[in-house]
Amino acid sequence: MLIQVLKSKIHRVTVTEANLNYIGSITIDQDLIDAAGIIPGERVFIVDNNNGERLDTYVIAGERGSGVVCLNGAAARKVQPGDIVIIMAYAMMEPDEARNFKPSVIFPETGTNKLPQ
């Protein structure tokens, strides 16, 4: 039996843009997705701390060092620039593997979305 376990988390990052006129997805600074162990195209779950919205989509890599976190397409209706969100990716594992697995969790600097030095 496989269970779903938290694999990666970008904790309390600031939404910089919401682009309704895009196909869909979330664009995230390449530095952030690398640090969290998320890959472009991977499914992620997003929780908006400001309004309680929860949604899932897939990741597009944004410009490295830009701090971009942009919800695209229909998801743009669920968030506002300036909102604080948590972005999570999960993996399927056997329970024995999951007991010892340590997720990659990063804490970007508030407002800049940059990794702490």
Side-chain angles (χ1 to χ4, degrees):
M1 168 181 60
L2 296 175
I3 60 172
Q4 205 168 33
V5 176
L6 179 68
K7 177 186 82 76
S8 305
K9 180 177 176 182
I10 302 173
H11 189 74
R12 295 185 57 83
V13 70
T14 305
V15 174
T16 59
E17 303 171 49
N19 184 353
L20 183 62
N21 296 312
Y22 193 81
I23 298 168
S25 69
I26 182 171
T27 304
I28 304 172
D29 179 324
Q30 183 73 54
D31 286 341
L32 297 177
I33 62 175
D34 286 351
I38 296 171
I39 62 171
E42 186 170 356
R43 183 182 189 187
V44 292
F45 296 83
I46 301 158
V47 178
D48 188 317
N49 285 4
N50 294 78
N51 63 22
E53 287 287 352
R54 299 177 72 88
L55 60 112
D56 68 306
T57 189
Y58 63 93
V59 173
I60 293 177
E63 182 181 343
R64 188 176 294 283
S66 66
V68 67
V69 175
C70 178
L71 276 294
N72 300 305
R77 293 221 184 261
K78 305 267 187 189
V79 301
Q80 296 292 315
D83 284 1
I84 303 296
V85 297
I86 299 169
I87 302 166
M88 300 163 286
Y90 294 86
M92 300 298 288
M93 298 179 195
E94 292 287 346
D96 286 342
E97 179 185 8
R99 283 186 186 87
N100 297 315
F101 180 78
K102 301 287 184 247
S104 176
V105 179
I106 65 167
F107 301 88
E109 293 177 357
T110 303
T112 68
N113 295 342
K114 305 290 182 175
L115 296 169
Q117 296 298 324

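Being a predicted model, the structure only gives us computed values, none of them experimental. All residue numbers in this chain count up from 1 along the given sequence.
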So, using side-chain hydrogen bond (donor to acceptor under 3.5 Å, both in side chains) as the criterion, who are the partners of Arg99 when residues are at least two apart? Asp96
Running the 4.5 Å side-chain criterion over Ile, Leu, Val, Met, Phe, Trp and Tyr, what cluster does Phe107 land in, apart from itself? Val105
Give the minimum heavy-atom separation between Ala98 and Val5, together with the two atoms involved. CB-CG2, 3.5 Å
Taking every non-hydrogen atom, the tightest pair across Leu20 and Ala76: N-CB, 3.6 Å
Linking I/L/V/M/F/W/Y whenever their side-chain heavy atoms sit closer than 4.5 Å, directly or via other members, would Tyr90 and Val47 fall into one cluster? yes
Cluster question for you: counting only ILVMFWY and a side-chain heavy-atom cut-off of under 4.5 Å, with indirect links fine, are Val69 and Ile86 together? no
Counting only N and O atoms by type, is there a donor-acceptor contact under 3.5 Å from the side chain of Asp29 to the main-chain atoms of Gly67? yes
Who pairs with Leu2 by side chain to side chain contact (heavy atoms under 4.5 Å, CB included), at least two apart in sequence or on another chain? Met92, Glu94
With Glu17 via side chain to side chain contact (heavy atoms under 4.5 Å, CB included) - residues at least two apart: Val68, Cys70
With a 4.5 Å cut-off on side-chain heavy-atom distances among I, L, V, M, F, W and Y, is there a chain of contacts connecting Ile106 to Val15? yes
Closer than 3.5 angstrom, by distance alone: can the side chain of Asn113 be matched with the main-chain N or O of Thr14 as a donor-acceptor pair? yes
How close do Leu32 and Pro108 get, counting heavy atoms only, and between which atoms? CD2-CG, 3.9 Å
Minimum heavy-atom separation for Tyr58 and Gly24, please, with both atom names. OH-O, 3.6 Å
Around atom CD of Glu109, are there more than 12 heavy atoms from other residues, nucleotides or ligands closer than 6.0 Å? yes
For residues 33-40, dump all side-chain donor-acceptor pairs below 3.5 Å to protein atoms at least two apart in sequence or in another chain.
| from | atom 1 | to | atom 2 | distance (Å) |
| --- | --- | --- | --- | --- |
| Asp34 | OD1 | Gln30 | NE2 | 2.7 |
| Asp34 | OD2 | Arg64 | NH1 | 3.0 |
| Asp34 | OD2 | Arg64 | NH2 | 3.0 |

What distance do Gln80 atom CD and Leu71 atom CG have between them, rounded to the nearest 0.5 Å? 10.5 Å
According to a 4.5 Å side-chain heavy-atom criterion applied to Ile, Leu, Val, Met, Phe, Trp and Tyr, with indirect links allowed, do Ile46 and Met88 form part of one hydrophobic cluster? no
For Ser25 and Tyr22 the tightest heavy-atom approach is OG-CE2, 3.9 Å
To the nearest 0.5 angstrom, please state how far the CD1 atom of Ile87 sits from the CD1 atom of Ile28. 4.0 Å
On a heavy-atom basis, the closest approach of Phe45 and Asp56 is CD2-CB, 3.5 Å
Which value, rounded to the nearest 0.5 Å, describes the distance between Leu115 atom CG and Asp31 atom CG? 6.0 Å
Quick test of your reading: applying salt bridge (Lys or Arg N to Asp or Glu O under 4.0 Å), list the pairs with at least one residue in residues 71-86, sequence neighbours left out, ordered by first then second residue. Glu53-Lys78
